[in-house]
Amino acid sequence: MFQPVDGQVSFPRLEEEVLRFWKEQGIYQQSLDRRDGAPPFVFYEGPPTANGMPHPGHCLTRAIKDVFPRYKTMRGYRCERKAGWDTHGLPVEVEVCKELGIHSKEEIEAYGVEPFIQKCQKSVWRYMQEWERLTERLGFWVNLDEAYVTYHQSYVESVWWSLKQLFDRGLLYQGHKIVWWWAQGGTALSAGEVGQGYRQVADPSVYVKFPLLDDDGNETDTSLLVWTTTPWTLPSNQFAAVHPDIEYAKVEDEGETLLLAKDLIEAIATKTKKTLKVVDTFLGAKLVGRRYKPPFNCYHARNRTHEWQVVGAKFVTTESGSGVVHQAPAFGEVDYEVLVDQRQATGQDLPLINCVGPDGKFTDEAPEFVRGRWVKDCDKDINRNLKERGLLFHQEQYLHDYPFCWRAEEDPLIQYPRESWFIRTTQFKDQMLANNEAINWLPGHIKEGRFGKFLESNVDWALSRERYWGTPLPIWQCEATGQQEAIGGYDELLAKPGVAGLDVWQAAKAADPTLPDDLCVHKPYIDAVTYDSPHKPGARMRRIPEVIDCWYDSGAMPFAQWGYRGEPLGKPDDGSTKSSPPRQGEGATRATAKSSSANPSALGGGENDAAARFASQFPADFISEALDQTRGWFYSQLAISTMLWGEAAEANTHPAGPKVPALPHPFRNCIVLGLMLGEDGQKMSKSKRNYREPREIFDKYGADALRWYLFANQPPWTSIRYSEQAIKDSIPEFLLRLWNCYSFFVIYANIDGFDPAVETGAEAGATETASNKNPPPPQGEGLGEGATRVPATDPSANPAPPGAGEATPLTAAQFAAAKSYRPVAERDELDRWILAELNRTVAAVTERMDAYDNFGACAAITEFVDGLSNWWVRRSRERFWAKEKRATEKLDAYWTLYECLIETSKLIAPFTPFLAETFWRNLASVFGARAPQSVHLCDYPHAEVDLAAAELSERMALVRLIASLGLRARNEASLKVRQPLAKVEVVLASTEHQAWLEEHRAVIEGELNVKAVEFSDEPDKYVEHEVLPNFKLLGKKLGKLMPKVKQALDQQSGAELLANLRDNGRINLSVEGQAVELLPEEVEVRIKAKPGWAAANDRGVVVVLSTELTPVLVREGLARDLVRAIQDRRKEIGCDFTDRIAIGLVTDSEILRKTVAEHGTYVANETLANEVSLEPLPGAEALAIQIGDATAQLTIRAVPISAAPIPSVKP
RNA sequence: GGGUGUAUAGCUCAGUUGGUUAGAGCGCAGCCCUGAUAAGGCUGAGGUCCCAAGUUCGAGUCUUGGUACACCCA
């Protein structure tokens, strides 16, 4: 007996039950355990930050991250899913600042770095519960308990180790970086923050004269006309840029000679109301190298020959300005590039000219009249000064977008150079490109497109951040000599001679024992640690103050998640091979709820574990994040991995360390998700309320509805607009349709007592020695290097015999033990068809999923469920209603449907894991402990290749087409389906399947409610033929003649052409005097119903109805109308499916009385009536009904079971 | 300013190596079916496949140039 199915299904409620079941039974862990020793399928979790609320976009990411690991697990792989959290970075600091009501770095320092850091550490978990709840509720199976956390000590140390590799190989260096600088707050802003603060402002736009110098350094009477919108940068001028390929002109104006881009003369002349007379034109290249006198002389010295000259630059345009651009490399990234280029070109270490301090005020190097003043306030004075000296040619207002600090709206940002640490990634450009080449990107255009282009324009990675809450850059510097070294771990630091400063941390810990030990490797504690300099006696080594870009943290996760630090790969179980002293803080109780990522219990402790786990989980087979991670996590991972283990890297790992496999690494397949937009097509935003909280979606529609919407509605990489309606729609479109099939089965199986366990002689509880360990069925593709390979065995090919004590995934082979289970070949065509469809679907789904195409897989499943629900169940209902419980056809139907549902629940398990589990738990429960307790502990269905199936599929599609056409014809002729018709005639353009169709006409007869289906032997009576060219074949053969041939075919009658084809085996045409011969395969014959018949046609099929109604047919129709009316009434009075009734029908209509007399038994059978009387039933409420043209009074009463079971008719 | 993508029915989206009747779901209108049905079937209305040029016998599909939108970078 199956658990009865509730008529009113609530998916959210069922899902909550399933969640409880998973948790209580540890199903996720079991699903891993049963793949012990199986080849790994490696998944990396891109760490989200938990200090923001999750929204539906995150559901997409997490759903995609779930479906493939689930699928691969069912396919026989072991897929560990270690969760991770990204915890460092500016957003965390900002959150804390908000909480404290402070802004600037000064204020943070005043508040105290130590308490600030402690607050950051706590703040990281602010929305943790929401994230965990979302993760769990969505059904994302991931190991949250052992999540890696980027601020944990083991993680930080692993990052340090990697940085030390880079440092020791000379790949870390210090340089300048031009940043958007908030001078008042003393900090650089990230791109995201800058983007938030753009406002339209009017700034001065000035045209300044730079007099050219002659070879002796004397001023000439010709000046460059230079344009800038930031006059305050003029004192720091270093170059003037022109485009070498643009045409420039020498113009005269009131005795002055100016140089500017030719295309801009007119615009400037109009603006200034001057007449500029062109005296010469030439390419910009001619100007390159000319020296000029800068507008201020604060740096100008005669012996400097490399500054204050014209340089060529491709970024110069003639869209605005003068075509000659002022260059102050300190205050513009592009300008800075010019300086770098000049340094390279001259081989000189040209200084960076900068007379502005980090506070945004002019320094003493600046002209006296601006010293000590905020630069933006000086624009006017500078202009006035230039004017006084006759250097200002023109001045105007310029409207443009300019960034302001998003925290202090009145503060404009300035571009400013900062000392910064860089990683020499440019040196690895080719290797990164080679690595990229080997990655399977989905969609494919990412490889050559966004990601490839990004790699090609690679610049060195600006690694350092002048902030507080981040992984400290592990570089210590000699206070005397400035010499530096990198430290690869806390223990390494502690082992340094004369180490001191540990007391700061110890004091903090003593004061607050709940402080997580992980903080000891963070600021300010780590900054306090110093040691003896090896470079100068008595000097100390002190850490440099910077922390690192948190993208480096996340990019290091392939090894840092295991705390890997290049240890040798020892024997997994031998804890004695520890080669280094135990790490500080290892094994200490963590103060946070989350344990440190170093998990001693997992593999027995010891340094080998990290190496072993890294080795077995590198590289990833699969990762996925949204498009915005291209330059984020996708790049940081690829860059770090390439630098550490790229082909040519002198990998500084231990010689006995894990061998890193060939490219690509660290990931092989990557689905790049589109961004999810809000309901209004805008970015999702809390304030706009253009989306719903995930929690509400789960409560209202359920996680499966959301998941199915995400998987089945579009390829994952298209940007999708959040649509609540579409989520809602996935319920009736898919979940409910499938649910109805399931519910149908359960209702009738319970009525008839069909129990597959009893049938196979394996009742529930017969054996209790079940173990869920199954040998894995690897297919051998995509295995990680160094993975333990196990012999390829497929459990479904070798099922354990029923009753053998081993739990078997329920498969056809197992069902075959039942006496009532007939070989598929002996069953009805309909059953063979749906099982063939099932098989075909399994093949399609596995093929698609192996290609990481969830969308295609879902399409195949949808089609199957449609066939099952709207064709198989529909056409099989009569078999379920048969009175004989053990009828062969009925048992066939049960077995067929049961098998379909069991396999479907396995098939959908990765996609809609809750629904699948609900089905499974009820359908498989009759086997008790002999079946896996969860569908997620099953192997994925395995497709059998069957050539006959394709043909059957094609034929059944034809049957469905004929039925559909018949219904269309009925509709047009206003002949409702309940009215039986004598016959339909079917005309087929191709007789290929006709014989088969004739054998299986019963399905059509049933569906169309006709007495006979005939395949017309005189098609000309009903149809006309049309002969069309096969363009694909003929296009090549005929070329330009093609349209003429089509015309010729159009003009001739189809019948003639067909006769031609029949008699000669070909069609002969004459086109433009040329003889053209068309072979049968080169034409397509289409048929169309002739007018005047109740007929419909499509795709080579015409169905013609016989519309003649005899009194016999009419009465039969009335009987069906009567049944319908009675069934409705049964429902109304609340009869159960199996309740028997008595019927009284009172009517004056002769024809209706005759109908009851003739068809009373039929009516009684259909409606489970013991009697159909023409007298009113006493005590039953009468209902007036209309049957055809007749009216009647219907009375119905439920009768007790004990009443005579044999239906009788009393006229 | 540069790069990458997207543009197909009222809405959300498919559309294979170029092949001549461009599809699905939802929504709308009508009819039908129904003791698994919150379903389903049939029909109808609804299309400048963003625009223009080109290649081709043939273009939603390929090429070029535009336009609009999104994202990334500047």
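Just so it is clear, the model here is predicted, and its values are computed rather than measured. Naming convention: chains lettered A, B, ... in sequence-line order (proteins, then strands); numbering from 1 in each chain.
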Nucleotide of [options] approaching [X] most closely (side-chain heavy atoms):
{"X": "A:Arg631", "options": "B:C26, B:U20, B:C72", "result": "B:C72"}
{"X": "A:Ser743", "options": "B:C26, B:A36, B:A14", "result": "B:A36"}
{"X": "A:Glu733", "options": "B:A36, B:G5, B:G25", "result": "B:G25"}
{"X": "A:Lys1032", "options": "B:U17, B:A36, B:G41", "result": "B:U17"}

Fill in the blank from the handout: Residues pairing under salt bridge (Lys or Arg N to Asp or Glu O under 4.0 Å) where one sits in residues 864-881 of chain A, two or more places apart or in two chains, turn out to be A:Arg737-A:Asp866, A:Asp831-A:Arg879, A:Asp866-A:Arg960, A:Arg874-A:Glu1007, A:Arg875-A:Glu1007

Which atom pairs link the protein and nucleotides 57-61 of chain B when you take only N or O atoms and keep those under 3.5 Å?
residue, atom, partner, partner atom, Å
B:C57, OP2, A:Lys1040, NZ, 3.1
B:C57, O4', A:Gly1039, O, 3.0
B:C57, O4', A:Lys1040, N, 3.3
B:C57, N1, A:Gly1039, O, 3.3

Problem - Side-chain donor/acceptor contact of A:Arg877 with base of B:U37 under 3.5 Å - result: yes

Completion exercise
Between A:Leu710 and A:Asn854, the two heavy atoms sitting closest are O-ND2, 4.5 Å

What is the distance from [atom1] of [X] to [atom2] of [N], rounded to the nearest Å?
{"X": "A:Gln629", "N": "B:C73", "atom1": "CD", "atom2": "P", "result": "11 Å"}
{"X": "A:Ile751", "N": "B:A36", "atom1": "CD1", "atom2": "P", "result": "9 Å"}
{"X": "A:Arg874", "N": "B:U37", "atom1": "CZ", "atom2": "C1'", "result": "12 Å"}
{"X": "A:Gln1127", "N": "B:U34", "atom1": "CD", "atom2": "C1'", "result": "10 Å"}
{"X": "A:Tyr635", "N": "B:C73", "atom1": "OH", "atom2": "P", "result": "13 Å"}

Between protein and nucleic acid, restricted to nucleotides 10-12 of chain B and to nitrogen or oxygen atoms under 3.5 Å apart, what atom pairs and distances do you find?
residue, atom, partner, partner atom, Å
B:U12, OP1, A:Arg721, NH1, 3.1

In whole angstrom, give me the gap between the [atom1] atoms of [N] and [M].
{"N": "B:G60", "M": "B:A22", "atom1": "P", "result": "10 Å"}
{"N": "B:G15", "M": "B:A59", "atom1": "C1'", "result": "14 Å"}
{"N": "B:G5", "M": "B:C26", "atom1": "P", "result": "33 Å"}
{"N": "B:U48", "M": "B:U43", "atom1": "C1'", "result": "27 Å"}

Practice task
On RNA chain B, check which nucleotide each of A:Ser964 and A:Leu1034 is closest to and give me the residue with the more 5' one.
Solution key: A:Leu1034

Exercise for the section: Hey, which sits more toward the 5' end of RNA chain B by its nearest nucleotide, A:Ile731 or A:Lys453? Expected result: A:Lys453

Practice task
Taking atom CD of A:Glu863 as the centre, report whether more than 12 heavy atoms of other residues, nucleotides or ligands fall under 6.0 Å from it.
Solution key: no

Problem - Neighbour count >12 (heavy atoms, 6.0 Å) for atom NZ, A:Lys447 - result: yes

Problem - N/O (side chain, A:Trp441) to phosphate O (OP1/OP2, B:U4) under 4.0 Å - result: no

Exercise for the section: Establish, with yes or no, whether the OP1 or OP2 oxygen of B:U34 is under 4.0 angstrom from a side-chain nitrogen or oxygen of A:Arg1120. Expected result: yes

Practice task
For A:His55, check ring pair (Phe, Tyr, Trp, His ring centres under 6.0 Å) against everything at least two apart and list the hits.
Solution key: A:His58, A:Tyr691

Exercise for the section: Ignoring hydrogens and angles, tell me if any N or O in the side chain of A:Arg970 forms a donor-acceptor pair with the backbone of A:Gln979 under 3.5 Å. Expected result: yes

Problem - Backbone N/O of A:Pro1029 and side chain of A:Lys1046: donor-acceptor pair under 3.5 Å - result: no

Exercise for the section: Please work out if A:Tyr748 contacts a base, only the sugar-phosphate, or nothing of the nucleic acid, heavy-atom cut-off 4.0 Å. Expected result: sugar-phosphate

Problem - Duplex segments of RNA chain B, taken as runs of at least three Watson-Crick or G-U pairs that stay under 3.5 Å - result: B:1-7 with B:67-73, B:10-13 with B:23-26, B:28-32 with B:40-44, B:50-54 with B:62-66

Problem - Worked check of side chain to side chain donor-acceptor pair (under 3.5 Å) between A:Tyr701 and A:Glu724 - result: CA-CA 10 Å; A:Tyr701 311 111; A:Glu724 183 159 347; 2.7 Å; yes

Exercise for the section: Check each residue of residues 967-981 of chain A for a non-hydrogen atom within less than 4.0 Å of any atom in RNA chain B, then write out the ones that pass by number, or none. Expected result: A:Leu967, A:Arg968, A:Asn971, A:Lys976, A:Val977, A:Arg978

Handout entry: Contact check, side chains of A:Leu981 and A:Thr1107, non-hydrogen atoms, under 4.5 Å
Key = no

Practice task
Output the distance between atom CZ (A:Phe331) and atom CH2 (A:Trp181), rounded to the nearest 0.5 Å.
Solution key: 12.5 Å

Handout entry: Candidates A:Asp1121, A:Leu1122, A:Val1123 - the one meeting side-chain contact (heavy atoms from CB on, under 4.5 Å) with A:Arg978
Key = A:Asp1121

Practice task
Measure centre to centre between the rings of A:Tyr635 and A:Trp461, then say whether the value is under 6.0 Å.
Solution key: yes

